[in-house]
Trainee: 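Pasting in a structure now, in structure tokens, and then I'll have a few things to ask.
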Amino acid sequence: MKERRILIVLNLEVLEDLGIQEKIGDPVVLEAAVGGQGQQQQQQAQQPVHQPRQVAPISNTNFYGNNKPAPQNQLQQTMKLAPSSTGGHAAAIYPIEGLSPYQNKWTIKARVTFKSEIKHWHNQRGEGKLFSVHLLDESGEIKATGFNDQCDSFYEVLQEGQVYFISKCRVNIAKKQFSNIQNEYELSFERDTEIEKCEDQSSVPQERYNFVELGNVSQIEKDNTIDVIGVVKEVHDLSEITSKTTQKPISKRDLTIVDSSQYSIRLTLWGKQAQNFSTDEGNVIAVKGVKVSDFNGRSLSMYSSSTMSVNPDIDEAHSLKGWYDGSGKSENFSTHANIGGSLSAASGRKEDRKTLAQLKDEGIGMSEQPDYFTTKATIVFIKQDNISYPACPAEACNKKVIEDSDGQWRCEKCDKSYPKPNHRYIMTISVNDHTGQAWFSTFDDVGKQIMGKTADELFQLKEENEQAYLDVINGATCTTFNFRCRAKQDNFQGQAWAYLVVLGATTINFTQASKELIELINAYGI
DNA sequence: CCCCCCCC
């Protein structure tokens, strides 16, 4: 948490009525005046802390972006004097970033960048209605909510896009989990809140963004909130789904957006935003406060409080449009599907892609908790003793069966005998990649994939035609797969080792594999 | 004082 100095003025005495002054005397910035630590912090702040390819959270929120928050000294610049909204006394215009519960005599001059619809609620604690707005000035942004009477008073007054003087609100600690606004605090309108439309509508920024390049979205964890800017590549038809939680139907529209990082990503719009979307392919959209989801590697989903601006008049939009109309239109785009370190949609577990050398170097499978990883490797050797075992043929039993003296196969677990067993693979294979070697254990499903035959078929073949059997083994050797594995620590004669079990294997899709390699190369930022 | 943000 960033250190914050609070100065509470308990009393002051007016020595002389000087009227309204820009400043009195020769005030100095508080931090510098404190000396020592304060100066050190300032010097640190001047260091180039920003690394180009890294996507760092802004301040201590989980809001990600490329821009640093507004520097503190901007706050002083924002301190100006406002025309009175109440007649008589002039009020100091306060920067939004300076609002806190410790000070309530302020007026902000802010643009409404978003206004929600009126929402009605009823729960065990009561019922009511509310609306909320996002307020922006050059220092920052804040959410403000009007409940019940204040909903009636201010809903029509506040219009999206307009600039207002606002004062006398309550300042509460923001509930970050419910907000995509970057502020420690949020406002609620009170009975004596004053809101007045500002004559000068131009001096407040339209919106503030912290764009994350589409290629960097994989670095953002699921459920975080980001801003993105991209060119609309595809507009999918409006569809309707039924919400699992509310059982209510809701409109949905998927867009595919792209940017010059040569990544495409799906952006889902909901409800009215989905219905009203009418922007054609080739236009730039800037989207603020969208949710990052892990579907298909990474995708984006609009909240009802997310906002979209079509072809905004900002540098990023102009350069993207230039890029797209020039070359981008005919380029190919990567997605974040199946990238190393992404979350597997199937299991929801983190499955890092590892090289075989990394397994050893990083001690994978040498800790209490199992590790999961994927790796691309080639089978170089299949151990032929114990390639399969005779298993109980009963559904989902799989217990090893023993042949009786009368030729029946006995299962201890089922307490039954069967005329013949069902063979199941328990292969141990040696795999290699360009970095090293490992032993993997595989069971029936994966064994079938590797051999292209059931263990029963292979067992039969070995009995009938030894050479044909060896041909199958040889055919499976030197094949390459993407292996999905679980690593668990085990002990053998007092020696700890990593027991690596293959949970699934897929053959190499060369198009996909090439894309992944290109992504890896791009990640070096060359 | 709401706080759900949906699907595959």
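Everything numeric in this text was worked out from a predicted model, so none of it was measured. Below, each value reflects all heavy atoms present in this structure, side chains not excepted, and no hydrogens, waters or symmetry copies. All chains are named by letter (A, B, ...) in the order of the sequence lines, taking the proteins before the strands, and each is independently numbered beginning at 1.
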Trainee: Within residues 300-310 of chain A, which residues have any heavy atom lying less than 4.0 Å from an atom of DNA chain B?
Mentor: A:Ser301, A:Tyr303, A:Ser304
Trainee: Please state how far atom CD in A:Gln177 lies from atom P in B:dC4, giving the value in whole angstrom units.
Mentor: 9 Å
Trainee: Check the side chains of A:Asn311 and A:Asn283 for a donor-acceptor pair under 3.5 angstrom, ignoring hydrogens and angles.
Mentor: yes
Trainee: Please pick, from B:dC3, B:dC7, B:dC2, the nucleotide with the shortest atom-to-atom distance to any side-chain atom of A:Phe178.
Mentor: B:dC3
Trainee: Do A:Asn296 and A:Arg266 have a side chain donor and acceptor closer than 3.5 Å?
Mentor: no
Trainee: Let's test your reading of the model: under 3.5 Å, does the base of B:dC6 pair with the side chain of A:Lys244 as donor and acceptor?
Mentor: no
Trainee: Taking only the side-chain nitrogens and oxygens of A:Lys176, find out if one of them lies under 4.0 Å from OP1 or OP2 of B:dC3.
Mentor: no
Trainee: To the nearest Å, give me how far apart NZ (A:Lys272) and C1' (B:dC6) are.
Mentor: 16 Å
Trainee: For the residue pair A:Ser293 and A:Ser299, confirm or rule out a side-chain donor-acceptor distance under 3.5 Å.
Mentor: yes
Trainee: Whether the side chain of A:Arg170 and the base of B:dC1 hold a donor-acceptor pair under 3.5 Å is what I'd like checked.
Mentor: no
Trainee: State whether a side-chain donor-acceptor pair under 3.5 Å links A:Asn224 with A:Glu221.
Mentor: no
Trainee: Under 4.0 Å: is that the gap between some side-chain N or O of A:Lys119 and OP1 or OP2 of B:dC3?
Mentor: yes
Trainee: Using whole Å, report how far CG of A:Asn224 lies from P of B:dC5.
Mentor: 15 Å
Trainee: Indicate, with a heavy-atom threshold strictly under 4.0 Å, whether A:Glu186 touches base, sugar-phosphate, or nothing.
Mentor: base
Trainee: Could you verify whether a donor N or O on one side chain and an acceptor N or O on the other, from A:Gln275 and A:Ser251, lie under 3.5 Å apart?
Mentor: yes
Trainee: Nearest whole Å is fine: how far is B:dC7 P from A:Phe295 CZ?
Mentor: 12 Å
Trainee: Going through the checks in order, is the salt bridge (Lys or Arg N to Asp or Glu O under 4.0 Å) test met by A:Lys176 and A:Glu184?
Mentor: CA-CA 8 Å; A:Lys176 294 290 193 84; A:Glu184 295 298 309; 3.3 Å; yes
Trainee: Measure the distance from NZ on A:Lys143 to C1' on B:dC1 and round it to the nearest whole Å.
Mentor: 12 Å
Trainee: Starting from P on B:dC4, measure out to CD1 on A:Ile118 and report it in whole angstrom.
Mentor: 21 Å
Trainee: B:dC1, B:dC8, B:dC3: which one has an atom nearest the side-chain heavy atoms of A:Asn148?
Mentor: B:dC1
Trainee: Kindly point out which of B:dC7, B:dC6, B:dC2 is positioned nearest to the side chain of A:Phe147?
Mentor: B:dC2
Trainee: Is the A:Tyr263 to A:Phe333 ring centre distance short of 6.0 Å?
Mentor: no
Trainee: Mind checking A:Arg253 for me? I need base, sugar-phosphate or nothing, with any heavy atom below 4.0 Å counting as a touch.
Mentor: nothing
Trainee: Expressed as a whole number of angstroms, how long is the span from A:Ile241:CD1 to B:dC4:C1'?
Mentor: 13 Å
Trainee: Rounded to the Å, how far apart are A:Asn180 CG and B:dC3 P?
Mentor: 16 Å
Trainee: Give the intermediate values and the outcome of ring pair (Phe, Tyr, Trp, His ring centres under 6.0 Å) for residues A:Phe443 and A:Tyr425.
Mentor: CA-CA 5 Å; A:Phe443 295 100; A:Tyr425 286 110; over 10 Å; no
Trainee: Pick base, sugar-phosphate or nothing for A:Lys129, based on heavy-atom distances below 4.0 Å to the nucleic acid.
Mentor: nothing
